[in-house]
Amino acid sequence: MAGCGDSGPTGPGSRPAGMELLSGGAQRAVPGLPVAEPVVVRVVDSQGRPVAGVTVAFTPAAGHGQADPASAATNADGRAASTWTLGAGIGVQSLQVSAADTVLSVAAEAVDLDRELDALFAPASAAEVEAVRSDWAGRDVSASAVAVEHEEPFSLAGRATLRILSHRVAGVLHYGAVLVPDGAAAESLPLLLYLHGGDRGVSVDEIQIVAFALGPLVDRFVYVIPSFRAEPVRHGGESWVSEGPASPWDHDVDDTLALVNAVFESTPEARPGGMAVVGASRGAGVALLAGIRDERIERIIALFGPTDFFDDWVRQIVREAALGQSRDLPGVAHLDSTVIAPYIRGEIPLPEARLEIVRRSAVLFAEDLPPVQLHHGTADGVVSVSQAESLRGTMDTLGRTPPGFEAFIYPGGGHSYFSLDGLIPRSAEFLRDWFASLGR
């Protein structure tokens, strides 16, 4: 019985005549875990006015979990709330809410988690892959309002100029760094992109490891270092933080491609056409997806990054997140809060949730990849080597051989450059071969 009387709330002496459920009904959750929203009721008198000080009991049916608190007094608005943790069984569970002579029943569904995950991680269909291709084709990655926010000399095995660029991509303000060796002629230097790992932004100094690997070729590229949405690019004690909600892997690609377009617009030394990308961890996944979406990318070095979000390793991470045991890994919290938890709660439909997995899985679009050199260690505790093995198996099926594709798996190697013996000379040779193919 809902109340909407004209008078204000009544005190503890007033007689309750009805109760309404304000929130917390018809929820879905994993057995043994709390539902997402507390169960909130309001007690009213015969004129629909809220009644304060009434004891409301929250009593799950036998085997249907527990409520905390089990009882609560209504506040000045006549409201009382309790958090309902479901029982261990699968199926519909019920909670009885009572106040004085008024009783109402609240139902929730305890989902079969493994069955839900079976549906979520079933192999992607051709229609789903094409739906993602169509979505990508409609993305606007042009760069508008391009501006130089900061400029200074920079040492890169020689003199160079550092610029922090800002631009807008699909209305979102984005920042990235550009390094240009001094003295280069117009349109003489191809682009080399560095895509960072983690979810705490990027420091310009991270480019030094790439510069070291290139040796005598270090002054033959324009270096492009994107940040990703909601993250900073840092240099010299300053930070420039890109706007927008985080979107690991997916809109990371939009940000990267838009920054490339901003660089071509604002950097006379940049050579139009082909470019190469070095990506590590999260950035490796972004590099592969960017190479699928933009044919200007001609070489990719992917270091210990994700390739296949339908992999059993990812499924296990998702299962843990659904059970409230989320791993502290880049992108996991985002996927849990925007895809997994809403799907389990029934807030987004299965087809929508699956497309979020498809659009992060470069392995499903492998035929569109340019030449790729893949590096991964068997003891990587951040990104499972199964991710590299998935892409390697797909490329083998496609008949991709060196230099179109080569994978180096390092026994005992971990999640760092320096644990992969031979990584630097192999990567440098891969880039030198590409550079030679440009006729330079």
Side-chain angles (χ1 to χ4, degrees), residues 1-117 319 321-326 336-350 353:
M1 172 179 174
C4 55
D6 295 331
S7 300
T10 60
S14 300
R15 181 176 178 81
M19 180 168 51
E20 61 180 342
L21 179 66
L22 298 181
S23 65
Q27 297 189 74
R28 285 166 39 107
V30 174
L33 294 183
V35 293
E37 294 182 356
V39 177
V40 182
V41 297
R42 180 168 59 186
V43 177
V44 296
D45 65 12
S46 60
Q47 297 184 47
R49 299 174 299 182
V51 182
V54 176
T55 298
V56 178
F58 299 88
T59 309
H64 290 183
Q66 61 185 16
D68 184 21
S71 65
T74 56
N75 64 12
D77 294 324
R79 298 187 182 204
S82 182
T83 297
W84 181 15
T85 297
L86 300 183
I90 294 169
V92 176
Q93 299 190 19
S94 63
L95 172 74
Q96 180 176 286
V97 186
S98 57
D101 296 328
T102 304
V103 178
L104 58 83
S105 182
V106 179
E109 181 186 357
V111 302
D112 183 335
L113 180 57
D114 288 322
R115 182 175 178 179
E116 298 291 340
L117 296 181
R319 191 177 197 283
L323 292 171
Q325 303 162 0
S326 184
D336 182 36
S337 64
T338 61
V339 180
I340 307 307
Y343 165 64
I344 295 296
R345 294 195 297 261
E347 296 168 0
I348 62 174
L350 176 62

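We're numbering straight along the sequence, starting at 1.
In this structure the side chain of Pro31 never reaches within 4.5 angstrom of the side chain of Leu86, judged on heavy atoms.
Here the shortest heavy-atom pairing between Pro69 and Ser82 reads O-OG, 2.7 Å. For the residue pair Pro60 and Ala67, the shortest heavy atom distance occurs at CG-N, 3.9 Å. Heavy-atom minimum distance, Ser98 versus Val103: CB-CG2, 3.9 Å. The two residues Val97 and Met19 have their closest heavy-atom pair at O-CE, 3.4 Å. For Leu33 against Ala29, the heavy-atom pair with the smallest separation is O-CB, 4.4 Å. Val30 and Ala322 get closest at one heavy-atom pair: CG2-O, 3.7 Å.
Each salt bridge (Lys or Arg N to Asp or Glu O under 4.0 Å) pair with one or both residues in residues 58-71, not counting sequence neighbours, would appear here, but there are none. Applying the salt bridge (Lys or Arg N to Asp or Glu O under 4.0 Å) test to pairs two or more places apart or on separate chains, those with a residue in residues 86-110 are Arg15-Asp101, Arg28-Glu109.
Thr74 contributes a side-chain N or O that, together with a main-chain N or O of Gly53, makes up a donor-acceptor pair within less than 3.5 Å. In this structure, the side chain of Trp84 engages the main chain of His64 through a donor-acceptor pair within 3.5 Å.
The structure places CD of Glu37 at 11.0 Å from CG of Leu22, a figure rounded to the nearest 0.5 Å. Distance CZ/Arg319 to CD1/Ile340: 13.5 Å, rounded to 0.5 Å. Atom-to-atom distance recorded for Leu350:CG and Glu116:CD is 8.0 Å, nearest 0.5 angstrom. To the nearest 0.5 Å, atom CZ of residue Arg42 and atom CG of residue Asp77 are 8.0 Å apart. Atom-to-atom distance recorded for Ile90:CD1 and Leu113:CG is 9.0 Å, nearest 0.5 angstrom.
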Next item on the list: Let me see the working for Gln27 and Val106 under side chain to side chain contact (heavy atoms under 4.5 Å, CB included), right down to the final yes or no.
Entry: CA-CA 9 Å; Gln27 297 189 74; Val106 179; over 6 Å; no
